[in-house]
Amino acid sequence: MQSVDISHVAEHVGEEVKVRGWLYNKRSSGSVVFLIVRDGTGFIQAVVAKGEVPDEDFEACDRLTQESSLAVRGIIKADKRAPGGYELTATGVLPLHIAEEYPISLKKHGVDFLMDQRHLWLRTPRQAAILRIRHEIIRSIRDFLDEQEFVLVDAPILTPSACEGTTTLFATEYFDSTAYLSQSGQLYMEAAAMALGKVYCFGPAFRAEKSKTRRHLTEFWMVEPEMAWVDLDGNMKLQEELISYVVQRVLEERRNDLITVERDTGRLANIKPPFPRISYDEAVEILIKNGVEFEWGNDFGGGDETILAEQFELPVFVHRYPTDIKAFYMKPDPKRPEVCLSADLLAPEGYGEIIGGGQRIDDPELLSLRIREHDLPEEAYAWYMDLRKFGSVPHSGFGLGIERAVAWICGLDHIRETIPFPRLLNRIYP
RNA sequence: UCCCUGGUAGCUCAAUGGCAGAGCAACCGGCUGUUAACCGGUGGGUUGUAGGUUCGAAUCCUACCCAGGGAGCCA
């Protein structure tokens, strides 16, 4: 007999099929048992009536516990009472494995408990929906860049030194020396862009910051495109097109999952280019107008970002930050060297910075000066300096944080639900 | 690292300084259309840890541990 995925039962109405999955919930009324089965693609209720299945199968229903694995044979029927529109009139029930007492009930649980059970928590409808949306976001990012003829270039995870110098790195033994887990592939992408033109990497990034907020992970995933011959404006243009493409794809392909996570899709539907662009100077004015005591030259805090983002319906670029608060490789604005050709993209609704990027320094002397000013070891950056010695060109790039994008698009209040197995300060299990 | 809040049954939570309880889950029984089904019954506790105050501490005090929320830093 044909096994079908629950997501495809509509194509088999009236046919007798087999559904394989796990028992999500069970209700019984004496001689009728309702088995709610999930198989990862969806949920369906199997109606098991005494006398309609072999007695042995009916009695087996008694033993089935939450999350037991089973196969149910039955006829697919359209039924208005069923949440998905279809149910299965069982002709046979075949338990495969009777689950032990399952820790996650259908009632409310606390976050700490659920995080300890993360490997099982993934089975719940909401978490499964988030993972499918995450998949669609990643797939659409790659489709977009691939269609634009970017080349995927993998950056190393084990690195000899800090890329940006400042943030804390995870150190690990590397034979007789020390290696660090990468916190960004960007510098390597700059090398690749000089070889291939338009490139991107997609991989994990590690930051040993003792951050304890709803926006931070110690291990997260990042897409980092880098482009030769592209300036700040071209960089922002690509970003707004990418983000719009991703949001529209999720709306098209994962609407049911957005409903499951109770996302208000109205605001997402409007995400189309162009996005507003404000300078750091204008951002400071907005903050002061909103009663924030803010001094020019400081970086924005989470609350500041929320105030800025609230001024706009769309994601907003904040460009030309003070050179002093940005990374050493950011190119100063030739007209105004105290600010640099950087741009961050702030997501709406208080989700904060989802992209950080900018135009890189292409002048070898200036880059050399910056490396010394930031007290970085010159010998470690010798290869990076070479990129400016052998045919230096203007180039730009950015880093998009996958988890922050997922949090925003799903409307989640904490980043820990955006990744299958989150790594947080004080949490590395399971 | 700092600030705030919390830790009681497997889970979610109650309990004026005075007998440690409910709902769910588990187990037993009932019900032919249930939608986190419902109804009846049973079992289940070193109140985070260590001290202290008190006739008496889940409750008050001290220290520590753990968690949640926030700050800084960032994607």
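Atoms considered below: every heavy atom in the structure, side chains included; atoms not considered: hydrogens, waters and symmetry mates. Chain naming here is simple, since letters A, B, ... match the order of the sequence lines and numbering starts at 1 in each.
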A:Glu353/A:Arg215 ion pair, N-O < 4.0 Å: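 A salt bridge is absent here (no side-chain N lies under 4.0 Å from a carboxylate O).
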Would you indicate what [X] reaches in the nucleic acid, counting non-hydrogen atoms under 4.0 angstrom: base, sugar-phosphate, or nothing?
X        : answer
A:Glu87  : base
A:Gly352 : nothing
A:Glu403 : nothing
A:Leu400 : nothing
A:Ser31  : base
A:Ser28  : base

For RNA chain B, the expected dot-bracket line (Watson-Crick or G-U under 3.5 Å, [ ] crossing, | inter-strand) is (((((((..((((....[..)))).(((((.......))))).....(((((..]....))))))))))))....
Does a side-chain heavy-atom distance below 4.5 Å link A:Ile307 with A:Phe300?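 In short, these two side chains do not touch, never coming nearer than 4.5 Å.
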Please give the distance between the [atom1] atoms of [N] and [M] as a whole number of Å.
N      : M      : atom1 : value
B:rU16 : B:rU12 : C1'   : 24 Å
B:rA14 : B:rA71 : P     : 26 Å
B:rU1  : B:rC64 : P     : 12 Å
B:rG72 : B:rA20 : P     : 47 Å

Flag yes if more than 12 heavy atoms outside A:Glu373 fall under 6.0 Å of its CD atom; otherwise flag no.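 Correct, the count exceeds 12.
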Specify the residue among A:Trp221 and A:Ser105 whose closest nucleotide of RNA chain B lies further upstream toward the 5′ end.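 Looking at the nearest nucleotide for each, A:Ser105 comes out on the 5' side.
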Mind listing the N/O atom pairs, protein and nucleotides 64-72 of chain B, below 3.5 Å?
residue: B:rA67; atom: OP1; partner: A:Asn426; partner atom: O; Å: 3.4
residue: B:rG69; atom: OP1; partner: A:Arg416; partner atom: NH1; Å: 3.3
residue: B:rG69; atom: OP1; partner: A:Arg416; partner atom: NH2; Å: 3.0
residue: B:rG69; atom: O3'; partner: A:Arg214; partner atom: NH2; Å: 3.1
residue: B:rG70; atom: OP1; partner: A:Arg214; partner atom: NE; Å: 2.3
residue: B:rG70; atom: OP1; partner: A:Arg214; partner atom: NH2; Å: 2.2
residue: B:rG70; atom: OP2; partner: A:Arg214; partner atom: NE; Å: 3.4
residue: B:rG72; atom: O6; partner: A:Lys212; partner atom: N; Å: 3.2
residue: B:rG72; atom: N1; partner: A:Lys210; partner atom: O; Å: 3.3
residue: B:rG72; atom: N2; partner: A:Lys210; partner atom: O; Å: 3.4

A:Phe220 side chain: which of B:rU32, B:rA36, B:rA75 is closest?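 The answer is B:rA75.
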Is there a donor-acceptor contact under 3.5 Å linking the side chains of A:Asp413 and A:Tyr351?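 Distance-only check fails for A:Asp413 and A:Tyr351.
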